[in-house]
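For reference, the structure discussed in these notes is given below.
Just follow the structure's listing: the first ligand is 1, and inside any ligand the first atom is 1.
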Amino acid sequence: MFPLFLFISLINLPYCSSADRNDEPIIGVLAQEVFSPNPNQTAYIAASYVKFLEAAGARVVPVMINQTLEEYKTLFSFINGILYPGGGVSIISSGYRRAAQIFYELAIEANKRGDYFPVWGTCLGFEQLVYLTSGKSLLSHTNTSGVALPLNFTEEVKGSRMFEAFPPELMSALSSEPLTENSHQWSLATLTYYTNEELRSFYKVLSTNTDGNIEFVSTVEAHNYPVYGTQWHPEKNAFEWSRPYIPHSPSAVRTTFHMAEFFVSEARKNFHRFQSKEEENKALIYNFNPVYTGTTSAFEQIYLF
Ligand SMILES: *[C@@H]1O[C@H](CO)[C@@H](O)[C@H](O)[C@H]1NC(C)=O
Ligand SMILES: *[C@@H]1O[C@H](CO)[C@@H](O)[C@H](O)[C@H]1NC(C)=O
Ligand SMILES: *[C@@H]1O[C@H](CO)[C@@H](O)[C@H](O)[C@H]1NC(C)=O
Ligand SMILES: *[C@@H]1O[C@H](CO)[C@@H](O)[C@H](O)[C@H]1NC(C)=O
């Protein structure tokens with residue numbers, strides 16, 4: 001009896017771990033309109049978002065704007081999560097907004113069916129999520145363009161998925177040192193969150209900040225969906241250098257990595273896949289070359305499409 005049992009457990013082992021985890025996650029990063037378009041350069045992705053995900057073990061597919069609904073649905077069935085980057089386009093009328101809404105709705109539907117599909121919004125991406133969840137423009141003007149701040153964690157952080165695996169000393173550094181870079185003029189005021197039923201029932205607030213005048217929500221995770229947002233920029237600490245207020249201390253750089261590690265671990269819970277290796281290769285961002293823009297923009301490198 002014993003040898004047979006051993007034999008069965010040995011042959012089962014590798015299959016158990018691969019059945020509940022996807023170790024080859026591919027994450028979509030949403031493009032957005034460039035500020036001054038020309039015929040060959042209409043949209044971009046800042047390379048720091050790509051590096052952020054790659055550093056934690058994911059590969060990236062660019063999600064272009066202006067695609068058809070059918071194209072987006074097909075791509076959705078191939079990728080394991082999506083990230084909405086920061087930037088400067090409209091959260092109401094841009095191609096970025098249209099694509100973000102389609103993927104948000106597909107993700108909500110999929111998660112309801114038990115198809116775990118994580119969504120992440122950074123800065124503008126966070127503001128986009130707030131707009132999509134509430135269906136309203138609810139942001140307040142704040143004096144927060146270009147400042148690093150410590151996070152003011154709420155009680156909710158204790159039971160959160162996002163910070164569960166963070167080392168205690170990093171949590172303590174995050175709450176006492178200015179490790180989170182803010183580059184936004186619009187924010188979700190804490191007061192607005194508490195008075196909006198859609199937002200309150202969908203998200204829990206994990207941290208807040210203030211510009212000295214208005215207290216705003218700086219980190220959220222959805223109660224019942226793998227939907228996450230930060231008003232601040234976790235990707236910049238390790239990968240952007242062109243602004244003096246971006247923190248690069250060891251704790252700041254570890255923050256980049258732990259945030260990425262969390263989101264990529266969420267994407268490993270999704271099992272969408274491309275229909276063939278060829279289709280996968282054609283879609284990956286490796287087909288594009290980033291260009292150096294550090295001397296003229298806030299990004300060291302960007303992908304132009
Ligand atoms: C756009 O790309 C085409 C083909 O690569 C090239 O011939 C053309 O000069 C480019 N136009 C601009 C404005 O860069
Ligand atoms: C998207 O579509 C709009 C309106 O049709 C157009 O002005 C814009 O150049 C397009 N952008 C891209 C990246 O295709
Ligand atoms: C905005 O905040 C900065 C500090 O980050 C401060 O120096 C400046 O005076 C503030 N401006 C206003 C209009 O409050
Ligand atoms: C942190 O948030 C709490 C709750 O809103 C507030 O009472 C406190 O003043 C905030 N602390 C800082 C340093 O902003």
Side-chain angles (χ1 to χ4, degrees), residues 28-46 61-72 75 84-85 87-103 123-124 140-158 160 163 171-196 199-200 203-220 230-233 236 243-247 283 285 287-288 291 298 302-305:
V29 175
L30 184 55
Q32 65 188 276
E33 289 87 345
V34 294
F35 187 65
S36 19
N38 72 45
N40 292 342
Q41 301 181 338
T42 51
Y44 80 98
I45 291 174
V61 161
V63 177
M64 304 301 181
I65 56 173
N66 285 8
Q67 308 295 295
T68 66
L69 176 60
E70 279 317 304
E71 286 170 313
Y72 285 141
L75 183 58
Y84 303 158
V89 297
S90 167
I91 56 169
I92 299 171
S93 63
S94 62
Y96 171 94
R97 172 256 158 96
R98 177 174 163 269
Q101 177 160 8
I102 291 170
F103 278 88
C123 198
L124 181 76
S140 307
H141 203 264
T142 54
N143 178 21
T144 41
S145 35
V147 60
L149 300 168
L151 295 178
N152 189 357
F153 287 120
T154 65
E155 282 300 309
E156 299 273 27
V157 82
K158 289 195 189 86
S160 74
F163 291 105
M171 292 302 281
S172 137
L174 272 167
S175 68
S176 57
E177 300 168 25
L179 303 181
T180 61
E181 198 270 331
N182 288 259
S183 290
H184 53 102
Q185 297 178 19
W186 296 96
S187 306
L188 173 63
T190 311
L191 204 59
T192 308
Y193 164 84
Y194 279 111
T195 49
N196 184 278
L199 292 178
R200 243 183 353 164
Y203 297 107
K204 40 181 161 174
V205 174
L206 304 184
S207 77
T208 62
N209 280 101
T210 174
D211 69 350
N213 188 23
I214 296 180
E215 186 188 69
F216 61 93
V217 173
S218 49
T219 312
V220 295
T230 60
Q231 181 68 78
W232 50 283
H233 285 271
K236 284 192 195 290
R243 294 292 182 269
Y245 43 77
I246 301 172
I285 200 149
N287 291 286
F288 302 91
V291 294
I302 62 177
Y303 291 89
L304 284 163
F305 307 108

Assess whether side chain to side chain contact (heavy atoms under 4.5 Å, CB included) is satisfied between Val220 and Tyr193, documenting all intermediate values. CA-CA 11 Å; Val220 295; Tyr193 164 84; 5.7 Å; no
Evaluation steps, side chain to side chain contact (heavy atoms under 4.5 Å, CB included), between Val63 and Val29: CA-CA 6 Å; Val63 177; Val29 175; over 6 Å; no
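Listed by chain and number, residues touching ligand 3 at under 4.0 Å (heavy atoms only) are Asn143.
Within ligand 4, the atoms closer than 4.0 Å to a non-hydrogen atom of Glu215 are 2 (O), 4 (C), 5 (O), numbered from 1 in the order shown. Listed by atom number, the atoms of ligand 2 under 4.0 Å from Ile65 heavy atoms are 13 (C).
Checked by atom type, the side-chain pair His233/Thr230 shows no donor-acceptor distance below 3.5 Å. Side-chain contact annotation: Trp232 with Ser207, donor-acceptor N/O pair under 3.5 Å absent.
Within 6.0 Å of CG in Leu69 there are more than 12 heavy atoms belonging to other residues, nucleotides or ligands.
Of the listed residues (Asn182, Leu149, Thr144), just one forms a side chain to side chain contact (heavy atoms under 4.5 Å, CB included) with Asp211, and that residue is Thr144.
Close N/O approach between Thr210 and ligand 4 is not found [any backbone or side-chain N/O within under 3.5 Å].
Scanning for side chain to side chain contact (heavy atoms under 4.5 Å, CB included) contacts around Glu33 gives Ile65, Val89, Ser94, Tyr96, with sequence neighbours left out.
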